[in-house]
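These figures come from a predicted structure and were not determined experimentally.
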Amino acid sequence: MSNSTGDFGLPPHAAKNREIVEQRLRDVAGGGGLQETLTIEWRTQPQVVQVIDMPVDSLYYNPGTHRIRAQRSFDARLDRQLDEDPWSDESQDYLDFLLKAEPSDPSKRDKDFDALKQSLEDFRQNEPGLITREGILVNGNTRAAALRELGVAEIRVAVLPDSCTWADINRVELSLQLRHDTRRPYSYINRLLTIDEQVEAGRPLKEIAREFRIRESTAEQDLWVLSCLRDLSDRSAAAGVRLRLLDFEDAQERLREVHRAYAKQAKTDVQQAELMKESRLAAIVMNFSKTDLRLIESDFRKRYLDTRLPEELKPAPAAASGRVIPGINRAVKAEAPQVAEARAFTDSVLRAKAVVRSQTKVSAAEAEKATALFTAAHRAVEDALEPAGKDARVRKRKQAAPDRLHDACQDIEQCITDMVLASGARSLDEEALDEAVLKLKATLKKLAQATAQTIEVPGEGVEWLREAVRRDHS
């Protein structure tokens, strides 16, 4: 395996593993019978590599695996240890722990891991893993963890070419993970990080999207969401703690909905889009549902929330005077006061949740204060959502009748086209048409009667309808 800048180096028993791998490759090549192989994408070309059996306890988990990239932050000390000494027993044990943990909450064991373990126990290993000649697992890290728990001595693995680098390892792992037959897809945050990593490596977004089997617009959305999450994490820093990216693992659909609403509104008014985005992000931090988020528009704070906020959640941001971008000496327009207030509220919620999530790392007084603030913010938003929901239902009811009439008009326009075509083909059922028109007449009469009961000052259209019904009646 070739060294390259920024790699993790070689594990302690790399030379010993290389000897075992090369001996077993020779044994397979010299033996008779059918040989097992695996086809991988190697430097943009298909490559067939040999499969051998290896002692599972001699192999190393890949410290750069995309599968647990976000989860590494679960323990800050061990995360740093992984960077400093990825091959130590402590680092490898931490990787083993994360591979078995629930992506959204690593303190819990993953049910999918247990299902994989049961499958391996019942049916043994179906697909081979993939290693370097030094014994680093490129694909099959989770299977190796399950086999170790089961006490299985050997694991079937294919072997990468001798010239592989850490860049090759990353690309091959990604290509194998994105195959349709993969057992365990990347978690949401790990997928975002992997797309971003590929962009940073200089790959065109269109190519990355094709590899992930998504539209380029979806990849752009994912990058926008990741940028928001990194911003939220930075803004949550308080008392030496902060929210991690993995804390948003279960917010995938809500975050995508925020992006869709933001992109739509930003086309006409960026400031209103920012107001809506900040309010919805705060609601996500407080774990409100997607249905609740849809009630939060750009005017939500002004119309419903402001009057319900306690004083400690009504920060008064200093009047922003803009800022200058370092290096180019160019001034950037300050955000509007309403946006600044919305950001200040989101910041308060973020910092409170970060402290609440890390109660063992802060003082009891800090934890109590943060819990009270977070509870007050949640209650205020919950109270504000009630009238917002009522107004939304009223608007929907107000719009329902006009929408149905508009749809009926479109149906009648289509009816005219169908009549012309049927008449030309001499296939028009005139009796059936006459019956339908009589039914339309009766329905319009009912509509006119309904307007007389509900509309006090009729407009031109309603007045015409009433007059037409009166003339027919007389």
Side-chain angles (χ1 to χ4, degrees), residues 228-229 231-244 247-248 250-251 254-255 257-258 261-262 265 271-321 334-395:
C228 283
L229 294 183
D231 179 54
L232 292 178
S233 177
D234 290 341
R235 290 161 57 187
S236 71
V241 297
R242 65 166 60 201
L243 292 177
R244 306 154 300 184
D247 290 324
F248 298 92
D250 293 330
R254 287 173 289 166
L255 290 165
E257 185 122 334
V258 171
Y262 179 87
Q265 188 151 25
Q271 179 178 312
Q272 294 300 307
E274 287 291 331
L275 274 171
M276 181 273 299
K277 182 187 81 170
E278 282 297 325
S279 295
R280 289 196 179 191
L281 288 176
I284 288 175
V285 174
M286 289 182 278
N287 205 32
F288 282 96
S289 70
K290 185 165 66 173
T291 303
D292 290 332
L293 258 64
R294 290 173 179 167
L295 300 174
I296 300 176
E297 300 294 345
S298 56
D299 62 350
F300 176 77
R301 180 181 175 87
K302 183 177 181 180
R303 292 188 63 184
Y304 307 109
L305 183 59
D306 273 347
T307 57
R308 292 170 171 82
L309 285 176
E311 288 304 316
E312 63 269 23
L313 283 166
K314 290 183 178 180
S321 58
E335 58 189 15
Q338 301 96 318
V339 177
E341 290 173 5
R343 281 181 63 86
F345 174 71
T346 305
D347 289 348
S348 297
V349 173
L350 284 165
R351 289 192 287 266
K353 185 165 186 176
V355 173
V356 171
R357 278 287 184 96
S358 309
Q359 292 195 25
T360 59
K361 301 177 181 178
V362 298
S363 67
E366 288 173 322
E368 184 178 353
K369 181 180 178 182
T371 300
L373 190 144
F374 188 83
T375 302
H378 191 282
R379 186 182 302 114
V381 173
E382 191 172 41
D383 290 346
L385 284 168
E386 185 174 347
K390 289 180 179 178
D391 286 354
R393 289 190 292 273
V394 168
R395 286 194 299 270

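Atoms CG and CZ, on L385 and F300 in that order, are 4.5 Å from each other to the nearest 0.5 Å. Put simply, CD on E366 and CD on Q359 are 11.0 Å apart, with the number rounded to the nearest 0.5 Å. Atom CD1 of I284 is separated from atom NZ of K290 by 11.0 Å, given to the nearest 0.5 angstrom. Between the OG atom in S298 and the CD atom in Q271 there is a gap of 9.5 Å [rounded to 0.5 Å]. Remark: L232 CG to D347 CG distance equals 9.0 Å, nearest 0.5 Å. The CG atom of L295 lies 12.5 Å from the OG atom of S279; values are rounded to the nearest 0.5 Å.
Contact check for S236 versus R357: no side-chain heavy atoms found under the 4.5 Å cut-off. At a threshold of 4.5 Å between non-hydrogen side-chain atoms, the residues R303 and D391 count as touching. When side chains are defined from C-beta on, M286 counts as touching V381, because their heavy atoms get closer than 4.5 Å. Looking at K302 and Q338, their side chains never come closer than 4.5 Å, going by heavy atoms from C-beta outward. A heavy-atom distance below 4.5 Å is found between the side chains of R294 and E257. Inter-residue side-chain proximity for K277 and E274 is flagged as met; some heavy-atom pair is nearer than 4.5 Å.
Under the 4.0 Å criterion applied to side-chain N and carboxylate O atoms, E297 and R395 are not assigned as salt-bridge partners. A salt bridge does not link E382 to R379: none of the charged side-chain nitrogens sits closer than 4.0 Å to a carboxylate oxygen. Classification of K353 and D247 as a salt-bridged pair fails, no side-chain N sitting under 4.0 Å from a carboxylate O.
Here the closest heavy-atom approach between residue L309 and residue F345 is recorded as CD2-CE1, 3.6 Å. In terms of heavy atoms, A273 sits closest to Y262 at O-CD1, 3.4 Å. Between S233 and L243, the shortest heavy-atom distance links the atoms OG-O, 2.7 Å. Closest non-hydrogen pair, A342 versus E278, comes out as CB-CB, 3.8 Å. Shown here for R254 and L293, the closest heavy-atom pair between the two residues is CB-CD2, 3.9 Å. The two atoms that bring A237 and R351 nearest to each other are O-CD, 3.6 Å, heavy atoms only.
No donor-acceptor distance shorter than 3.5 angstrom exists from the side chain of R301 to the backbone of L275, with no hydrogens or angles considered.
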Practice problem: Report the C-alpha distance between R280 and F288 in whole Å, list the side-chain angles of each, state the deciding distance to 0.1 Å, and finish with yes or no for side-chain contact (heavy atoms from CB on, under 4.5 Å). | Solution: CA-CA 9 Å; R280 289 196 179 191; F288 282 96; over 6 Å; no

Exercise. Tell me, with the steps shown, if F374 and V355 meet side-chain contact (heavy atoms from CB on, under 4.5 Å).
Key: CA-CA 10 Å; F374 188 83; V355 173; over 6 Å; no

Practice problem: Quick one: do R235 and V349 satisfy side-chain contact (heavy atoms from CB on, under 4.5 Å)? Show the steps, please. | Solution: CA-CA 10 Å; R235 290 161 57 187; V349 173; over 6 Å; no

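Partners of K390 by side chain to side chain contact (heavy atoms under 4.5 Å, CB included), not counting sequence neighbours, listed by chain and number: E386, R393. With sequence neighbours excluded, no residue satisfies salt bridge (Lys or Arg N to Asp or Glu O under 4.0 Å) with K361.
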